[in-house]
There are 4 protein chains.
Amino acid sequence: MSSADLAGAPGHALAGTQGGPTHGGAIHDGTPLAVDLLGQYHEVRRASLALSAGWTPEDQALQSMPDASPVKWHLAHTSWFFEALLLRPSLPSYQAFDERYFRLFNSYYEALGPRHPRPQRGLLSRPDHAQVLAYRAHVDAAMSDLLEMADADLRARITPTLVLGLQHEMQHQELMVTDLLHAFSLNPLRPALWADVALAPAGPASHGSDVDPLHPSGWTPHAGGKVDVGHDGLGFAFDNELPRHPVWLQPYALGDRPVNGADVLAFIRDGGYRRPELWLSDAWATVQREGWQAPAYWVAGLDDDDYDVFGPNGLATLDPQAPVSALSYFEADAYARWAGARLPTEFEWEAAASLSGSLGGAGQVWEWTGSAYLPYPGFRPSPGPASEYNGKFMLNQMVLRGGSWATPAAQKRIGYRNFFPPGARWQISGLRLARDLE
Amino acid sequence: MSSADLAGAPGHALAGTQGGPTHGGAIHDGTPLAVDLLGQYHEVRRASLALSAGWTPEDQALQSMPDASPVKWHLAHTSWFFEALLLRPSLPSYQAFDERYFRLFNSYYEALGPRHPRPQRGLLSRPDHAQVLAYRAHVDAAMSDLLEMADADLRARITPTLVLGLQHEMQHQELMVTDLLHAFSLNPLRPALWADVALAPAGPASHGSDVDPLHPSGWTPHAGGKVDVGHDGLGFAFDNELPRHPVWLQPYALGDRPVNGADVLAFIRDGGYRRPELWLSDAWATVQREGWQAPAYWVAGLDDDDYDVFGPNGLATLDPQAPVSALSYFEADAYARWAGARLPTEFEWEAAASLSGSLGGAGQVWEWTGSAYLPYPGFRPSPGPASEYNGKFMLNQMVLRGGSWATPAAQKRIGYRNFFPPGARWQISGLRLARDLE
Amino acid sequence: MSSADLAGAPGHALAGTQGGPTHGGAIHDGTPLAVDLLGQYHEVRRASLALSAGWTPEDQALQSMPDASPVKWHLAHTSWFFEALLLRPSLPSYQAFDERYFRLFNSYYEALGPRHPRPQRGLLSRPDHAQVLAYRAHVDAAMSDLLEMADADLRARITPTLVLGLQHEMQHQELMVTDLLHAFSLNPLRPALWADVALAPAGPASHGSDVDPLHPSGWTPHAGGKVDVGHDGLGFAFDNELPRHPVWLQPYALGDRPVNGADVLAFIRDGGYRRPELWLSDAWATVQREGWQAPAYWVAGLDDDDYDVFGPNGLATLDPQAPVSALSYFEADAYARWAGARLPTEFEWEAAASLSGSLGGAGQVWEWTGSAYLPYPGFRPSPGPASEYNGKFMLNQMVLRGGSWATPAAQKRIGYRNFFPPGARWQISGLRLARDLE
Amino acid sequence: MSSADLAGAPGHALAGTQGGPTHGGAIHDGTPLAVDLLGQYHEVRRASLALSAGWTPEDQALQSMPDASPVKWHLAHTSWFFEALLLRPSLPSYQAFDERYFRLFNSYYEALGPRHPRPQRGLLSRPDHAQVLAYRAHVDAAMSDLLEMADADLRARITPTLVLGLQHEMQHQELMVTDLLHAFSLNPLRPALWADVALAPAGPASHGSDVDPLHPSGWTPHAGGKVDVGHDGLGFAFDNELPRHPVWLQPYALGDRPVNGADVLAFIRDGGYRRPELWLSDAWATVQREGWQAPAYWVAGLDDDDYDVFGPNGLATLDPQAPVSALSYFEADAYARWAGARLPTEFEWEAAASLSGSLGGAGQVWEWTGSAYLPYPGFRPSPGPASEYNGKFMLNQMVLRGGSWATPAAQKRIGYRNFFPPGARWQISGLRLARDLE
């Protein structure tokens, strides 16, 4: 399912953010500000509501594990972000909707005081769903006030944070999907996020006709050498994409498409989940401790070689040509080793994508890279509370690139560095193979 | 708050079960069956809905710990009990509302197959609240069918299980209150179960005018000797109250009232939570590991000697004369040792209560006894799936007696053996002192 | 193996304590003190050394789990007991061997200050084994001084604590055996405690010729009624055996012998470890979580019905007629239920043993009873630090009666209340069946 | 303490491995084999014994946590390595000392079958210390046989594994020191590894006279650009140091010396352990969960600003000029942020050290780098079982460079990539500051 597909679904409007807030405006390069920043604000905010409109208040209250949050919490926290970083500091007349929310919906900003414990977000039946919607409306009205009353100076000062807030909300739009999908995956009734719409991830269309749809895929060679990576200064970027800097790459090749269901099925049938030599040490310990035998959302049939896959439309027969999703780094790495290949580094991925404009089949599932999530040379966190946005997570995580069908179009930048711990299995995450060229 | 008080609350109808299913009928003694069993059935079932009517679907979906269950789950599980133990075996025409519920709402009956994992009951946003209500209505209609079509033989055969099901549902009515109260206690907004009704647990009224409201209370002596304990054969009893049998008691005295807030405040001020010599070994380990400094629902003010208490009406100033609640056995035992006394055994409690008809102030909070929950000599579990009802929990738990303000009146029997693990802190549980005579 | 057998083993001298310190002396009844208390002291102390003489310093340093302690620690702690409770308070000239040992070898006496953490006892390579032996000699010399310088008054004052210290040391002699056996059970080399001596637990000898060696055993009936239990005032008893008091028993019967290997083999072959209906709820959760399929020290052969058993002589073929050992309460209870019987209460056990002087086959393995370890009515802990000896453990434990082949003969009293948590699997613990009469 | 210092200690002979097995021989570059490989073998083997000669068998049996192993186990495992990878495959006449050791002393080689569980290595009192020494002698004799009987072909074939085995044993020599030091740190008696020898880590000597001994240190600038890193082909290297490849560095500067005790004391006094803004997210969670207030081996005096430090000579006053040791990555990173600097990448470290031959004060403590431990482009694991040596740990670990006072001199290569998880606090690990230029 592409964002375009999703846009067609009744009441689901990720595509509403297409174009997004960065067009016509540049945050880091000093060019003129967006003409219609307020319009973009409301567009992004409406998209969050449209996305979640089909889910019941009970659905939106679910927290299935400490790493995931309730949809309702996402809706409130993204509002809190504007309240805490813009309205409180910059709108003198602002009256809080409820002072207690300042603590309740802070995610992890130590500089902004103590927070409600993350594992207990699912216990907040109050404020209820209606109150959270009222909170959103309250913040939206105040944001309109702020933007309308702001003179040019104030607008210039608040725009970076405002744009960050919109990017932040778009990130949470994707998390609403992945977090609720995880919660639903634990319900034996196997509910669908969108039951009445056929939203199949696009499979074969991403392959050229001359490409074998099964492993091995075709390979595209790259010469390597000195290449510049990181944000080029046009449009929005997070602080972790800066500064742009040179890296040296050895010659390499990338697979023409993400690894798909048929590929992983072959891995399973070849004993992939039972062969320690294919796994990193921490990965194998996890496989054994957790009893992994297939990707997280795969459900074995009576015949163990026969799988259904749980996804946004509920349980469906495995689509062999759709990119595999909900894979951990552990599994992505083991698969690549089994295939006689490896994961690309984030810079190999970025260099190749920059050259051609995009990679075959990219954008349907995030692609694990073999790069640890670490600061670029010369990295400086954003000033103020936003300094905690990215930098403090630069350890024990691996970088993913490319975006998924649930990523708002406005965020699908080549330079975007997504990151998750290597054991994370609930994101829309797969892989693409790489190999060395001489 | 007494059940009578609760009855006055709009939409809360524990008192609707007063009288209950056992009047006019005797389950274990072979006397004639209830004239209006169906009427009693619907009365109990309606009481569950009335009790929960003021809580939102989001509230009713909360599970705050593995030991507690969502209200919605209680509503479904009590229906499942009738479906699994009566409708499926005895009503040939019965069509399940949803076959999957048979697994989803089984609590712990191994004989009835696998179950949804207990810690994941809070993840079931589906079936949603409305569907659970529809499930209840479906079961109720089928139960009406069953009772109306049953001939005398069938009625005789199913009556014990039907009455057990009603007692079961009344037990869950109290758990709905304690489980949701626990979930609310973890919400910084401190919601009230019943916000707009003044439901103060009765304090002074339970003391005679000549009784010092603070510790030490008055003492009532008992001669001990051979006494019979256990169910006397009149009215309903659980299998764990049988058989009636003699025990030999040494002379003892019981306090005239439950320990109250002022008593526990004195214990705290005397360093009770910091003095290992007052605590059992397992208890002291828990105090240290968990950092206990006061009862679970007590919230210290700025001055540490000043407490608010979280309860069904939200946070309120400590009522020094109200019986203390939400106490673990660990704390009850330590308090008694500090007071130079001890907990009564369940038989000391029962013998004294049987003699006088009741104990002073009893029935507002369950009272921990010093008795481990073990089978009576000659205990035989009920036949069939109900054999798992009580017997398999006879280890690692302590007995409580007397009932609480949330216990349906029809269940407030002197012989009722409630039981919880010694660390449980979320029930309406306190204590009464005992001491040896001679 | 009886203590008599063990006495014959080179260098192992549990039997050296036969007769023990209580003969000729009575602690609680005011009769004259032991003539040769010092002689008894040295006899018990030598027995500890003799018992452990064949184990290497490395063996004696092992701690296999928090519940078990190194043999070396036992040797030091039993010396600490005399130092802390007698030498420091009563021998003015006493110079500590090492002041730091006061903290290092305190077990759980809160009144005597902080302690080295229990789970880290196995990390104390220093003091080394030789230093601990020197510490023992130092304490022994000082104890000789104390007893020789004491006048009659002082002797009278210190005798209860001295005798308690000797009983304490004898308890630790048994723990040295069970704790090291547990550590050895985790060593794939399966070392023997005493490799070169045939120390088979006595099997058939304990059965009369007219008793079926396999289940069901013969039954001895008891009329029940009012019986007195607890210490009768002759000889030593721990505080938890007091006061003597009446209890009322229903008619019952006890099995003529402990349950043996053949019995448990039949249980296993009948699916005992796979049938939830046989187990208490906590027990079944443990069976599933831990994957229990047989008693802890049973090692399945290729054919799953064929077992070796790890014991003090290393791994040996299962002796079908030897009493089963190293059983948890969970398993003892499940076995009894499978056999259509139950565990006796500690009072049923004591009453029957008191009547006949002993029970058939008793004294080879401790026998789990169905009684929770709780205070007798009127229980008062010993004064001073010894108050922590027994009383604070009266929760979450079950009583065992009768003694084992590793119990010093001087401790094999009918009234002795041993106790362990229901999941404990490393003691010399089995069971005897009971059933209701009438 | 340098290795040279250590060499002077009676019975401790890390320095015995100076020069090491790689001089005169080149493993990866095809030049002639070592003239006296057997001599080098015995030299390294003797050094292990010399190092541990002063520790008692009880000391050598300690395992203080799953990550650490007993010294005795190290002595056995390093022998097992030669047995498993050389004697069994290549010496037809070889008779195992004990077949069971093959499983007992396998560390983590999945390809060589199941292993004794790592957390239970400390439970192996058998084989005892003497047997392990006999095992070593047995292996040594067989290795002599192998090398003496080997023709040129066989020698060529086995030499890489033999040299790997010697490097492996030298790595374990350092681990013997760090693992026993950790165990001793948990003993309240605070034993010294070497009590009677003054082995102070060298402090001031490593600074030039014109360098401020306290923070900030002097900085050495580096121009960056394209530099080659990785093994240059001369002498031994592990597979993870290959292949040599170019990287591109931005201009940077490195501190002239490792961070020392005075530096960290200033960090503590400035509230370093209480300020979340200085810590990575995972690090701060650890600080709070574990209650860290100072480095692991620092012991606060009565005045909290006054520290003793536990080290190989026991507890000693903090040496302000000695490089700080036993620091986790978490702490190293936080310290650097507090100092307005950062950790160098492993390539910045290697490039600077290669240029100048070494870095100021390097070689006393391992220096955490900001680089995740990941494969070099084109990395190929060694063939055979040795493939598990390094590659499978390339996740969730950070690289350290430089070597410590306990690192055998033969292993102190600039290109050596040591690695540990970021929370590891028991290695001889500190840091050196880096900063961006321009």
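- Put simply, CG on A/L124 and CG on B/L189 are 7.0 Å apart, with the number rounded to the nearest 0.5 Å.
- Taking all atoms of both residues into account, the shortest heavy-atom contact from A/P191 to B/R126 is CG-CG, 3.7 Å.
- No donor-acceptor distance shorter than 3.5 angstrom exists from the side chain of B/D128 to the backbone of A/E58, with no hydrogens or angles considered.
- Among all heavy-atom pairs drawn from B/S125 and A/D59, the shortest one is OG-OD1, 2.5 Å.
- Distance check, rounded to the nearest 0.5 Å: CG of B/L123 to CG of A/L62 gives 6.5 Å.
- Identified by a heavy-atom distance below 4.5 Å to chain A, the contributing residues of residues 103-120 of chain B are B/L104, B/H116, B/Q120, in residue-number order.
- Neither the backbone nor the side chain of A/Q60 has a heavy atom closer than 4.5 Å to any heavy atom of chain B.
- Only the side chain of B/R100 comes within less than 4.5 Å of a heavy atom of chain A; its backbone N, CA, C and O stay farther away.
- Contact tally against chain A (heavy-atom pairs below 4.5 Å) for B/P188, B/A183, B/G122: the top residue is B/P188.
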